[in-house]
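Have a look at the structure below, then the notes.
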Amino acid sequence: MTLGRRARRLVPVLLAAGLSFVRSESAGAFPPYRTTDAETAGDDTLEARIGLLRLQVRDSHSTRRTPLSRINYGIGPHFEVISELEYAIDDHELDEGALGFKWAKLENGRGFGVETLILLPVRSELDGAGIESQVIRTWQQQRSRVHVNAGAFYDPRGLSTERGWRASALAEFPRGRLRPGVELFVRDSNATDTRMQAGVGLIATLERVEIRTGLHVGLNDAAPDLEASVWLSWKWQVPNRAR
């Protein structure tokens, strides 16, 4: 398929992603985790991950966000386009949005990739767009998978421009249809203190859908006391008429 044909086919996919209410760090790179893996959706594959709810508790005050969405479309074996969107229930408004890509290659149990997101000003009071980019490494064995991410971000959308870095590590332990995991996440910027979180998650694969749940706790005062989320994930092979 030529690049022009792929681009034309991608337009309705991105429109659907942008219109489905169905902060780059909020949606999560690989729900329910902050860490992403060095794999893509697959050629002509549409992957939708819809967050039913994300609850954050800080100093006995809770905030809710839903729906959260991450919709990916695979172009070839190593490239995918990414769309992210988040809605804040308590504020009755869109909270975060992003559009970007991931390139990744996994061979012989070792993977390398790069993910870059443009942070979109989805609310009228926000000005300008930001960027976040990170390097991805994955190591796979039969009964374990390890993913490591590290990168930087620049975000001028708030009252002051925020710039900094983030890093994370995730270990998964596949057991049949279940994939439990443990994660460590660190984020630092010029506008906030270093935030550290640890979490556990579970991905359960059913016949047609994946159920993804996660629970993260703060390891220092700058981090939320507790964050919990529940996601559903689907994949569809998009018919390729040009073949």
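Residues T116 and W103 form no side-chain contact, since every pair of their non-hydrogen atoms from C-beta on lies 4.5 Å or further apart. In this structure, L119 and Y154 have side chains that are not in contact, with every pair of non-hydrogen atoms separated by 4.5 Å or more. Using a 4.5 Å heavy-atom threshold, the side chains of L117 and E84 count as touching. You'll find the side chain of E172 reaches within 4.5 Å of the side chain of H147, heavy atoms only. Side-chain contact between R54 and W231 is absent, with no heavy-atom pair separated by less than 4.5 Å. Proximity of F112 to V135: side-chain heavy atoms (C-beta onward) are separated by under 4.5 Å at one or more points. N72 has its side chain out of reach of T40: every pair of non-hydrogen atoms, C-beta onward, lies at least 4.5 Å apart.
A donor atom on one side chain and an acceptor atom on the other are not found under 3.5 Å apart for R58 and Q56.
When the side-chain hydrogen bond (donor to acceptor under 3.5 Å, both in side chains) test is applied to E183, the partners found at least two apart in sequence or on another chain are T35, H216. Contacts of F101 classified as ring-ring contact (aromatic ring centres under 6.0 Å, His included), with partners at least two apart in sequence or in another chain: F79.
The two atoms that bring D225 and S60 nearest to each other are OD2-N, 4.3 Å, heavy atoms only. Among all heavy-atom pairs drawn from S62 and L55, the shortest one is CB-CD1, 3.8 Å.
Taking the charged nitrogens against the carboxylate oxygens, E132 and R187 have no contact shorter than 4.0 Å, which rules out a salt bridge.
At most 12 non-hydrogen atoms from other residues, nucleotides or ligands lie less than 6.0 angstrom from CG of D221. Other residues, nucleotides and ligands place more than 12 heavy atoms under 6.0 Å from the CG atom of L206.
The distance from atom CD of E162 to atom CZ of R157, rounded to the nearest 0.5 Å, is 9.5 Å.
Geometric assessment of R212 against the ring of F30 yields a positive cation-pi assignment under the 6.0 Å and 45° thresholds.
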Residue pair E115, R70: steps toward the salt bridge (charged side-chain N to carboxylate O under 4.0 Å, His left out) verdict:
CA-CA 14 Å; E115 181 180 86; R70 181 181 173 96; 2.7 Å; yes
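Hydrophobic cluster membership of I136, counting Ile, Leu, Val, Met, Phe, Trp and Tyr whose side-chain heavy atoms lie under 4.5 Å apart directly or via other members: none, as it forms a cluster of its own.
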